[in-house]
Amino acid sequence: MSVDPRLARSRPQQQQQPTAVPPPPPPPPMALDGASDPADVVPDHKFKLKFCTICASNQNRSMEAHLKLALAHLPTISFGTGSLVRLPGPTAHQPNVYNFNSTTYRAIHSELSSQNAQLYTQNGLLNMLGRNLTIKGYPERFQDWIPGKPRLDHAEDQGAAGTEAGVVDVMITCEERCFDAVLDDLHNKGGRLNRPVHVFNVDIRDNHEEARVGGHAILDLALSLNDAAAKEREVFGDGGWERGGGAAREGFDEKVPEILASWQERWPSLPALWSLAWV
Amino acid sequence: MNPSAQTLGQLESARSLALGDGRYYPTIIPGVMPIIGANANASLEIRRWGADFLAETFASPTWPLDAKASCALTVLATLKEYLDVVADSGVIRSAVQAAASIYPLVYKHIISDPTDTQHWQFMLAIKSNILRRMDSAPPGVRICCVKFLQQVVLVQTPGMPPDPRRPEQIDISLALVPRDHPLIPYANLEAEASGLLDRLLGIIHGDHSDALLVTATLNTLGMLIQRRPVVTNKILSSVLNFNPLKLANSPMTPKNKVIMKSIERTTRALLVNVMKRNPEGPFNGRIQQYLERMHRMRLDVFDESNRKRPAPAEPTDGLDTAKRQRLGAPVPNLAPTALSAPPLPLGPVSFRQLFTLNPDGNTANFDVQAFKDPEQLLRILVPVLQSIDETKLGNSINAVRSRYLALSKAVPRPTIPAAVTVDDEEEYEPDFEPEDAEQAGSKLDGISLDTLLPQRIRDSPLAPYKLPEAPPLTTQEAQKYGEMTVRRAFGMLSSIGEPSLKAKTSKGGFNRLAASNYDRDSWVTILSRLATRASAGLDDPDVGMKSEFDMKKASSSLSEPIRDELYRYIIHDWKKRIDVAINWLSEEWYNDNVLASKVFSKGATNGNGASPSTPKGNYQRCALRLLDGIITYIEGTDKVLVRFISEIPGLDIAILSRMKKMAEDPERIDLAIMVLQYLYMFRPPARELAVDVLVDMWRTNDRAKNNAKKLLLRWRPEALNEEEGEGFRTDKESAHGALEVKAT
């Protein structure tokens with residue numbers, strides 16, 4: 001079954017419709033340019049890995065990547081590893097600080113626009129928040145996440161399809177601090193699900209431009225990984241186990257270092273790390 | 001839509017129900033099992049879904065352990081079938097995951113129901129199936145086997161005893177197993193867990209090209225460290241011996257780089273987690289060291305990889321690595337006369353600097369001494385010499401020659417125009433850097449050219465060096481050095497300091513040991529005995545004692561210098577050192593008497609050592625000298641003089657006449673009188689002497705007359721009468737006689 005690329009492209013917009021909360025003052029322009037290439041959309045009947053993007057505040061980098069992956073129809077959730085959501089304030093010493101899991105993007109948006117609409121429009125914060133509130137309801141903290149807890153209440157989020165069981169196969173962090181925090185927290189969580197998870201780090205600097213580039217890179221990585229995983233299913237399925245040989249029989253998991261290495265050559269400015277951890 | 005897809009749809013809706021509320025699992029599982037389970041002959045798609053569902057179900061945190069445990073028993077057969085029959089790695093992966101979640105549940109069930117052999121047999125079969133796969137399965141499956149192993153180790157190692165207050169938070173561990181359990185013997189479980197843990201730890205020390213397995217294992221250890229303190233030590237010791245950068249020696253492919261970085265980072269995260277969870281942990285010091293070491297190693301490895309590529313793929317023709325990229329260009333033209341030898345630095349120049357045309361090159365730091373084997377050097381040197389470009393060598397020689405000429409003319413050397421390239425040296429030197437090249441270089445740098453020259457001849461072996469024999473000392477020199485030694489001894493004496501007054505102990509007397517410790521008293525005794533006894537009898541007695549001030553004539557012995565120093569030492573602080581003076585004079589007196597008695601025993605035997613007819617020894621002159629020295633400084637209130645005069649062992653008219661002399665100073669009349677009075681009262685043998693002096697004083701010193709008269713009235717009134725008249729004499733005489741009787 002082949003998929004009409006035009007359909008695929010229109011799908012995310014259709015999904016957005018129900019979540020389209022009253023549009024914020026600056027409409028999110030980035031929502032449209034994410035998956036402009038139809039080849040980047042994974043057809044729904046294909047095998048899909050489940051993804052999770054993580055940055056410090058679950059605002060900029062992880063949300064940019066979240067959007068990119070969701071527009072590619074990959075199951076995606078996202079988190080922040082900081083203790084609080086921190087956004088730039090009027091000066092460097094007065095950041096705007098919010099609680100995770102309870103403060104919605106909408107609330108932050110309206111607070112900042114009433115505070116100083118011009119400033120936060122100028123530095124792109126309102127634009128970013130406007131985009132975020134079309135993706136999901138509120139920033140989530142990684143350390144508070146209970147793996148395996150169903151996420152049926154997040155069905156409205158972009159990329160929610162496939163993440164209902166509250167588990168993921170791949171985590172992608174956006175800076176080394178977050179990578180360390182994720183590995184550390186996974187030790188604390190204890191791997192109770194006995195489920196392997198590939199944790200990647202893609203070092204992205206925390207600004208809008210780098211986040212956009214990083215989002216592309218993460219999408220590239222995710223598609224490469226998903227492709228390899230899907231191939232494994234295909235080879236092994238349909239009696240492929242008997243027919244396949246050599247590299248074809250190599251599973252997805254062991255290919256990951258290679259996939260990452262070739263990805264790193266494509267994106268040399270975004271140093272990467274990886275570890276196989278447990279949720 | 002095929003039937004399989006239809007079934008899948010139904011299954012999916014059942015799953016959604018369970019996801020919506022975990023309490024539905026116990027009712028959904030029995031419904032699902034016939035479709036996915038053993039004997040269902042399900043398609044691969046269904047089995048994949050089934051395995052995933054089982055893994056998800058038994059991992060789900062949304063329903064309680066008790067319910068899971070009873071359900072777990074019903075799915076064992078299905079899991080076993082998946083593992084035994086299905087050859088799809090997806091199914092196997094999920095089945096092993098499910099087994100990892102189920103093993104603790106079944107284990108706990110068996111603990112409370114020791115008779116349930118059947119289910120335990122199923123579980124054991126699944127376990128051995130998984131353990132078999134540990135070594136042969138594809139890596140994606142093996143990592144799941146690792147996690148299964150972790151669960152086995154977790155439950156079969158003793159943990160904390162169950163807390164009855166929190167029954168819901170039960171920690172399934174070996175602590176729950178009764179010692180006499182028929183199905184699962186405690187000791188066997190414990191031994192098996194220990195063996196499996198060793199197997200886990202063996203993975204991280206094994207082949208690192210399989211980073212998947214290594215990081216998967218490292219990431220399972222954190223939970224074991226945290227929940228099973230009994231094995232913490234073992235695990236951490238193993239991890240701290242682990243080298244995450246093992247691959248550093250293999251080619252730096254992008255994949256290896258990623259793997260190394262990832263393993264290192266994973267190890268770090270694990271150890272940091274251990275430290276964070278237990279900030280007071282006994283291992284934290286070692287962990288900290290390990291992390292620092294790893295950090296440095298990582299910098300080394302990755303900096304190295306930036307700086308220097310691994311073994312070159314193409315032959316380099318002995319070219320510098322930096323030039324390899326230019327291989328395409330005509331190499332000989334690349335080293336034209338563009339670069340010239342840099343000027344020598346000002347000031348003294350070492351040979352090394354003289355011959356180094358390119359101080360920045362690798363060869364400048366090359367130490368030929370690194371070649372221990374001359375054969376090896378030859379093998380390198382000969383081809384190197386053959387390959388030298390003659391013109392370049394000539395140019396280089398010219399450059400060095402001109403430098404040398406400039407130096408030897410000792411003209412101020414600004415720049416030496418040398419038409420020589422710098423690279424040629426590098427071309428005929430092998431690319432080899434000994435570790436200590438820099439040290440050797442800097443050593444050479446420190447030696448200037450001038451000082452280097454005579455040292456260059458090193459071929460002949462050195463003869464043993466002997467100090468030239470010193471010329472024999474002349475008597476004067478020997479004396480001089482002897483005096484220096486004595487002065488040094490006294491310098492030390494003053495550095496010891498004065499003894500505290502409390503430390504006064506009984507006196508040793510003449511028979512005491514000179515020194516049993518290192519205090520001032522001991523040194524004084526040693527020195528005074530050295531002065532008096534050491535050379536006793538060696539001197540011509542007539543020479544040494546002509547006069548108390550005749551020091552020049554003193555023999556070559558040490559005695560006189562020591563006496564001088566003793567004198568100076570005492571005079572320097574005579575009030576405090578009067579005891580030293582008394583000691584010294586006592587030694588002198590003793591020595592004189594011993595010598596005198598020997599003289600007498602030779603001649604006659606009338607043996608009175610204290611006889612005044614004895615020739616004068618050293619005592620008298622020393623005592624007089626000292627007394628004269630002291631009297632110069634003495635004041636009317638210095639009663640220490642009374643002590644001195646009364647304690648020195650011998651008195652004669654010469655000594656006591658000093659009192660008369662002192663009394664010429666009106667302020668010191670009282671003191672002089674007091675001394676004489678004391679002698680009269682407490683040293684009866686000196687009584688006559690004292691009175692004689694007093695009479696003398698009475699006669700010659702008008703100022704002392706009154707004081708002296710009072711005493712003479714009692715002691716010798718007849719002396720007064722001699723001057724003033726006869727009337728007094730008899731009365732006083734009787735009185736004097738009575739007094740005398742009383743006093744003795």
Side-chain angles (χ1 to χ4, degrees), chain A residues 47 146-152 164-167 176 179-201 232-233 236-242 249-258 260-265 271-279, chain B residues 15-16 19-20 22 44-45 48 55-56 59-62 87-90 93 96-101 138-141 143-144 147-148 150-151 210-216 218-220 222-223 225-227 253-259 261-263 265-266 268-270 272-274 276-277:
Chain A
F47 173 79
I146 300 166
K149 186 176 173 228
R151 289 174 62 89
L152 298 179
E164 300 85 0
V167 293
E176 293 198 3
F179 182 78
D180 292 341
V182 165
L183 287 189
D184 187 62
D185 186 59
L186 289 179
H187 280 302
N188 292 345
K189 286 184 160 73
R192 291 174 184 274
L193 305 192
N194 298 311
R195 186 183 169 96
V197 56
H198 292 275
V199 185
F200 295 88
N201 179 59
E232 182 190 34
R233 299 289 274 210
F236 291 158
D238 306 323
W241 178 261
E242 278 75 28
R249 289 187 63 160
E250 220 176 79
F252 157 68
D253 294 295
E254 61 258 46
K255 273 196 214 150
V256 166
E258 249 164 68
L260 181 63
S262 60
W263 175 91
Q264 181 75 84
E265 299 216 306
L273 288 170
W274 158 80
S275 187
L276 188 110
W278 300 92
V279 290
Chain B
R15 175 176 167 247
S16 303
L19 285 177
L44 181 63
E45 287 300 312
R48 276 181 176 171
E56 179 179 288
S60 173
T62 55
D88 179 74
S89 71
R93 263 178 59 133
V96 177
Q97 285 175 39
S101 300
V141 176
I143 54 173
C144 295
K147 193 67 171 66
F148 179 82
Q150 181 221 31
Q151 289 295 309
D210 199 348
L212 185 78
L213 208 55
V214 174
T215 56
L218 286 171
N219 281 323
T220 59
M223 190 259 268
I225 292 171
Q226 166 194 332
R227 289 180 59 188
T253 59
K255 185 182 166 191
N256 277 349
K257 253 198 237 174
V258 161
I259 286 176
K261 272 179 5 193
S262 302
I263 294 179
R265 201 69 176 204
T266 307
R268 207 174 90 180
L270 168 68
V272 169
N273 179 262
V274 172
K276 264 198 211 163
R277 298 191 67 93

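Throughout, protein chains are lettered first and strands after them, A, B, ... in sequence-line order, and every chain is numbered starting at 1.
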Checking heavy atoms, do the side chain of [X], its backbone, both or neither come under 4.5 Å from chain A?
X      : value
B:S101 : both
B:Q97  : both
B:T220 : both

For the atom pair [atom1] ([X]) and [atom2] ([Y]), what is the distance rounded to the nearest 0.5 Å?
X      : Y      : atom1 : atom2 : value
B:S16  : A:E164 : OG    : CD    : 7.0 Å
B:K147 : A:L193 : NZ    : CG    : 8.5 Å
A:H187 : B:Q226 : NE2   : CD    : 9.5 Å
B:L213 : A:D253 : CG    : CG    : 11.0 Å
A:E265 : B:T253 : CD    : OG1   : 9.0 Å
B:T266 : A:L183 : OG1   : CG    : 5.5 Å

Most contacts with chain A, counted as non-hydrogen pairs under 4.5 angstrom, among [options]:
options                : value
B:G22, B:A55, B:A59    : B:A59
B:T62, B:T215, B:V272  : B:T215
B:G222, B:G140, B:P139 : B:P139

Of the non-hydrogen atoms in [X] and [Y], which two are nearest, and what is the gap between them?
X      : Y      : result
B:A216 : A:W278 : O-NE1, 3.0 Å
A:D184 : B:N273 : OD1-ND2, 2.8 Å
B:A100 : A:N194 : C-ND2, 3.4 Å
A:P257 : B:K255 : CB-CE, 4.0 Å
B:L19  : A:P150 : O-CG, 3.1 Å
A:P147 : B:P61  : O-CG, 3.8 Å

More than 12 heavy atoms of other groups within 6.0 Å of A:R192 CZ: no
A:K149 (side chain) donor-acceptor with B:S60 (main chain) under 3.5 angstrom: no
Option among B:L212, B:L218, B:N219, B:V214 that satisfies the side chain to side chain contact (heavy atoms under 4.5 Å, CB included) test with A:S275: B:N219
Contact check, side chains of [X] and [Y], non-hydrogen atoms, under 4.5 Å:
X      : Y      : answer
B:P254 : A:S262 : no
B:R268 : A:D180 : yes
A:N188 : B:R277 : yes

Please state whether the side chain, the backbone, both or neither of [X] comes within less than 4.5 Å of a heavy atom of chain B.
X      : answer
A:L152 : side chain
A:D185 : neither
A:A277 : both

Cationic N near anionic O, under 4.0 Å, A:E176 to B:R265: yes
Salt bridge (Lys or Arg N to Asp or Glu O under 4.0 Å) involving B:K261 - partner list, sequence neighbours excluded: none
